[in-house]
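Naming convention: chains lettered A, B, ... in sequence-line order (proteins, then strands); numbering from 1 in each chain. Predicted model, so just to flag it, every value in this text is computed and none were measured.
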Number of protein chains: 2
Amino acid sequence: MSRAAQTDLAVLAALSLGPATGYALREAVHEHLGLFWSESFGQIYPALTRLRGEELVAADRGDRPGSTVHRLTPAGRERLVELMREPPPTSPPRNGMLLRLFFGNVLGAEACRQLVTESRARAVALLERLAVARATTESEPDSPQRPYSLMTISAGEHSARAAIAWADETLAALG
Amino acid sequence: MSRAAQTDLAVLAALSLGPATGYALREAVHEHLGLFWSESFGQIYPALTRLRGEELVAADRGDRPGSTVHRLTPAGRERLVELMREPPPTSPPRNGMLLRLFFGNVLGAEACRQLVTESRARAVALLERLAVARATTESEPDSPQRPYSLMTISAGEHSARAAIAWADETLAALG
DNA sequence: TCCGTCATGTAAATGGTTACATGATTCG
DNA sequence: CGAATCATGTAACCATTTACATGACGGA
């Protein structure tokens with residue numbers, strides 16, 4: 001997997017849903033992929049410039065002066081499938097909450113409880129966001145996209161429920 | 001939270017378990033924190049140099065010529081507690097597997113099944129490693145460290161079981 | 001008119017991995 | 001003796017965020 005391939009993948013994938021400006025692209029990633037992906041402007045604009053150079057995306061003038069609407073070219077769609085078939089890179093683990101909890105006897109029991117309580121609250125909030133996302137998705141008419149959206153929502157739900165169950169068990173152990 | 005604080009935290013925390021060389025420190029992080037944390041030599045050695053400069057760790061000559069054993073100073077222990085009380089930074093989400101699955105109609109059903117199957121296999125393998133870690137920890141004599149080790153192991157178990165349950169559900173949906 | 005949003009881009013700083021260079025020690 | 005391990009450190013590279021600079025448009 002070559003340079004910056006993950007951002008290229010995300011940008012090409014987002015464009016596969018329809019043409020968009022760089023700005024709208026970032027909105028769409030935040031809105032639809034926000035639960036498991038993120039991109040910043042500092043990544044998106046250089047990526048679009050590069051992808052234009054490789055003729056994987058084409059640029060048209062947008063409604064507003066100075067705005068540029070990008071769309072996938074056939075070569076871009078090929079490249080997208082190619083990138084998607086690459087195994088997803090696994091990033092090294094970095095869980096600040098567990099790092100702190102592991103050294104709980106240095107941190108103290110009260111601070112540990114707070115740590116786990118806050119972690120639980122984040123999982124509960126996530127579960128609420130997921131409930132909204134599920135309701136929205138289920139109320140939309142069926143589409144080729146829908147089952148896959150529901151699968152990623154379900155992944156979040158399983159993960160959040162596990163986090164809550166663990167937090168409850170751990171809070172009980174912490175007394 | 002200032003510069004490179006997360007690595008400082010991990011290094012100071014690892015040293016709180018006992019003095020160590022940079023090399024041994026990396027081994028210890030990999031061995032004991034590997035399930036939720038990672039550090040590379042390229043981080044550890046500059047961090048040790050910096051922490052020595054701040055007199056948060058002290059350096060003694062080791063058994064081997066040229067080797068340096070580091071230990072926490074009292075100021076280092078204070079700093080450690082201070083860093084641990086900072087809220088753990090939440091890194092932006094980046095889940096390559098879910099990104100690919102979300103665009104499953106571009107990827108194709110067969111490749112989706114493979115993606116989820118591999119994800120399930122990783123979770124099963126993780127669960128096995130966790131079973132070993134749990135058995136090891138439970139067979140050791142009780143210590144102030146042990147309950148916290150078990151809590152982090154339990155976090156991994158909950159997360160891995162949730163990943164397996166989700167994978168089974170999703171594979172059923174994918175047919 | 002002024003503010004919020006849409007829009008594009010760059011520069012700097014940050015955080016991190018990987019590869020490399022170097023050499024001693026231990027054990028088979 | 002030779003290989004694996006212990007040990008330290010640097011340099012290059014990569015990915016990413018944040019802040020900044022700039023400006024047009026639409027509506028209160």
Side-chain angles (χ1 to χ4, degrees), chain A residues 1-11 14 19-31 33-34 37-53 57 59-70 83 86 88-96 99, chain B residues 1-11 14-15 19-31 33-34 36-53 57 59-70 83 86 88-96 99:
Chain A
M1 194 77 120
S2 61
R3 193 175 162 282
Q6 295 309 298
T7 291
D8 285 7
L9 170 53
V11 167
T21 63
Y23 186 90
L25 215 46
R26 211 238 126 166
E27 295 281 278
V29 169
H30 193 77
E31 172 78 12
L33 317 179
W37 202 263
S38 76
E39 293 292 344
S40 61
F41 288 129
Q43 294 268 103
I44 285 178
Y45 284 111
L48 283 173
T49 305
R50 190 173 55 248
L51 293 168
R52 265 196 318 258
V57 310
D60 307 300
R61 259 175 278 110
D63 291 345
R64 290 162 169 260
S67 82
T68 311
V69 175
H70 294 87
L83 286 173
E86 299 272 343
T90 54
S91 48
R94 228 107 203 282
N95 185 323
L99 177 66
Chain B
M1 194 78 116
S2 61
R3 192 177 162 279
Q6 295 310 297
T7 292
D8 285 5
L9 170 55
V11 167
L15 284 177
T21 63
Y23 186 91
L25 216 46
R26 210 239 126 166
E27 295 281 278
V29 169
H30 193 77
E31 172 78 12
L33 317 179
F36 51 84
W37 202 262
S38 76
E39 294 291 345
S40 61
F41 287 129
Q43 294 268 102
I44 285 177
Y45 283 111
L48 283 173
T49 305
R50 189 173 56 247
L51 293 169
R52 266 197 317 258
V57 310
D60 307 299
R61 258 174 278 111
D63 291 345
R64 290 161 170 259
S67 82
T68 309
V69 176
H70 295 87
L83 287 174
E86 299 271 345
T90 53
S91 45
R94 227 108 203 283
N95 186 324
L99 178 66

Spacing of [X] atom [atom1] relative to [N] atom [atom2], expressed in whole Å:
{"X": "A:Arg61", "N": "C:dA7", "atom1": "CZ", "atom2": "P", "answer": "16 Å"}
{"X": "B:Arg26", "N": "D:dT5", "atom1": "CZ", "atom2": "P", "answer": "14 Å"}
{"X": "B:Gln43", "N": "D:dC14", "atom1": "CD", "atom2": "P", "answer": "17 Å"}
{"X": "A:Ile44", "N": "D:dT18", "atom1": "CD1", "atom2": "P", "answer": "14 Å"}
{"X": "A:Gln6", "N": "D:dT16", "atom1": "CD", "atom2": "P", "answer": "8 Å"}

Any residue meeting side-chain contact (heavy atoms from CB on, under 4.5 Å) with [X], in chain and number order, not counting sequence neighbours:
{"X": "B:Ala28", "answer": "B:His32"}
{"X": "B:Phe36", "answer": "A:Asn95, A:Leu98, A:Leu99, A:Phe102, B:Leu33, B:Thr152"}
{"X": "B:Tyr23", "answer": "B:Thr21, B:Glu27, B:Phe41, B:Tyr45"}
{"X": "A:Pro19", "answer": "A:Val69, A:Arg71"}

Requested in this report: Count the heavy atoms of every other residue, nucleotide or ligand shown that sit under 6.0 Å from CG of B:Asp63, and state whether that count exceeds 12.
Outcome: no
**Report entry** Nearest-neighbour nucleotide for the B:Arg94 side chain, D:dT16, C:dT17, C:dC6 considered
**Finding:** D:dT16
Query raised in the report: Distance check: side-chain N/O of A:Thr7 vs OP1/OP2 of D:dT16, anything under 4.0 Å?
Result: yes
What's touching nucleotides 7-10 of chain D from the protein side, N or O pairs under 3.5 Å?
{"from": "D:dT8", "atom 1": "OP1", "to": "B:Thr68", "atom 2": "N", "distance (Å)": "2.9"}
{"from": "D:dT8", "atom 1": "OP1", "to": "B:Thr68", "atom 2": "O", "distance (Å)": "3.1"}
{"from": "D:dT8", "atom 1": "OP2", "to": "B:Gly22", "atom 2": "N", "distance (Å)": "2.9"}
{"from": "D:dT8", "atom 1": "OP2", "to": "B:Tyr23", "atom 2": "N", "distance (Å)": "3.0"}
{"from": "D:dT8", "atom 1": "OP2", "to": "B:Tyr45", "atom 2": "OH", "distance (Å)": "2.8"}
{"from": "D:dT8", "atom 1": "O5'", "to": "B:Tyr45", "atom 2": "OH", "distance (Å)": "3.4"}

Query - Under the salt bridge (charged side-chain N to carboxylate O under 4.0 Å, His left out) test, residues paired with B:Arg94 that sit two or more places apart - result: A:Glu39
Query raised in the report: Base, sugar-phosphate, or nothing for A:Ser91, non-hydrogen atoms under 4.0 angstrom?
Result: nothing
